[in-house]
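Reckoned from all heavy atoms, side chains included, excluding hydrogens, waters and symmetry mates. Chain letters run A, B, ... following the sequence lines, proteins first and then strands; every chain starts at 1. All values reported here derive from a predicted model rather than from experimental measurement.
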2 protein chains.
Amino acid sequence: MIRISKKVEYALMALKFISQSDNKLVTAREISDTKKIPYDLLSKILQKLKNENILISNQGTNGGYSLNKRTDEIYLFNLMNMLDGDVAVADCMHEAKEKDCSLEDSCSIKSEVAKLQKEVEDVFKNKTISDFV
Amino acid sequence: MIRISKKVEYALMALKFISQSDNKLVTAREISDTKKIPYDLLSKILQKLKNENILISNQGTNGGYSLNKRTDEIYLFNLMNMLDGDVAVADCMHEAKEKDCSLEDSCSIKSEVAKLQKEVEDVFKNKTISDFV
DNA sequence: TCTAATTTGGACTAATATAGTCCTATTTGA
DNA sequence: TCAAATAGGACTATATTAGTCCAAATTAGA
Ligand code: SF4
Ligand code: SF4
């Protein structure tokens, strides 16, 4: 059904929220409350973004998150990769070859699927967080 | 993870196969055997395509399927719709509003997601079976 | 030094979607 | 009448996505 996962949506909302908070640290709780995002899930997402150097985190009382990149340096394509794994329109299109397709031998559409992959990738590679702010 | 379902892949292979069979009727068994597609699943797909007037079917001995449209009249976008339901990058983007998002009130990214939806749709609307043949 | 606010992170469960199977009926040419 | 085929409902299995639970570590401030 070709969709953006909730994780990615939550990440987009969170990054937008943080980018609009003028350098002030933002807590997971704040975002969760104002955007109605499940707290635990959001926490995981922010941690991931921190580990991927999209965010900087400060632990402890008065802690929170802040951006570590400009919004136009954060690509939707990369976000999707971080949070959901490879953006691949078919099993055979994964970068890492863990997921092979058992039909690869008899497959008659692989090269066309590859073109499609390219076109879909381009859509997501051409969007950054700044498009969402 | 943004992918084309197996159903759609199987449909593409089947339609390609049929289109290359020079007006001769093609059976589900033939396609299933040569393309290694699970027979029962493929049958369902072909039946669906018949009900959607993409294929014509002939029952009984010597029966089989043939195309009811030119390959350049069969859009990937429509195939996906038929077989998997709405192509929607997010819950709120479904045509029929069965699937609403509970966050719609607090959502800060909906309009940008709508743009994305449009771009993704365009990719699939600009591909027909003829691109796969 | 204690406490509350916070991030960190593993393990788990629940819900949903996708893929595949099974079974029976119907149609039809030979 | 038989065998080859489509038709289609109901079901099961698998995988993915979404969400929850719990315990630990960090840190500012009282
Ligand atoms: S069926 Fe063909 S296109 Fe689809 S995943 Fe397998 S090899 Fe790739
Ligand atoms: S979170 Fe926003 S963009 Fe996503 S489905 Fe809900 S309303 Fe649409």
With a 4.0 Å cut-off on heavy atoms, is [X] in touch with a base, just the backbone sugar-phosphate, or nothing at all?
X	answer
Lys44(A)	base
Tyr39(B)	base
Asp91(A)	nothing
Asn62(B)	sugar-phosphate
Asp84(B)	nothing

From the options [options], select the nucleotide whose nearest atom is closest to the side chain of [X].
X	options	result
Gln47(A)	dT8(C), dA7(D), dT21(C)	dT8(C)
Lys50(B)	dT17(D), dA7(D), dG8(D)	dA7(D)
Lys6(B)	dA19(C), dA5(D), dT7(C)	dA19(C)
Leu41(B)	dA19(C), dG9(C), dA3(D)	dA19(C)
Pro38(B)	dG19(D), dA5(D), dT21(C)	dT21(C)
Ser57(A)	dG29(C), dT6(C), dT8(C)	dT8(C)

Within 6.0 Å of OH in Tyr75(B), more than 12 heavy atoms from elsewhere: no

Expected output: side-chain Lys16(A) to main-chain Ile109(B) donor-acceptor under 3.5 Å: no

Donor-acceptor pair, side chain of Glu119(A) and main chain of Val120(B), under 3.5 angstrom: no

Interatomic distance where OH belongs to Tyr10(B) and P belongs to dT21(C) [whole Å]: 9 Å

Distance, rounded to the nearest Å, where Ile56(A) contributes CD1 and dT26(D) contributes P: 19 Å

Exercise: do Thr128(A) and Asp72(A) side chains pair donor with acceptor under 3.5 Å: no

Any N/O donor-acceptor pair, Gln59(A) side-chain to dT7(C) base, under 3.5 Å: yes

salt_bridge(Glu112(B), Lys127(A)) N-O dist < 4.0 Å: no

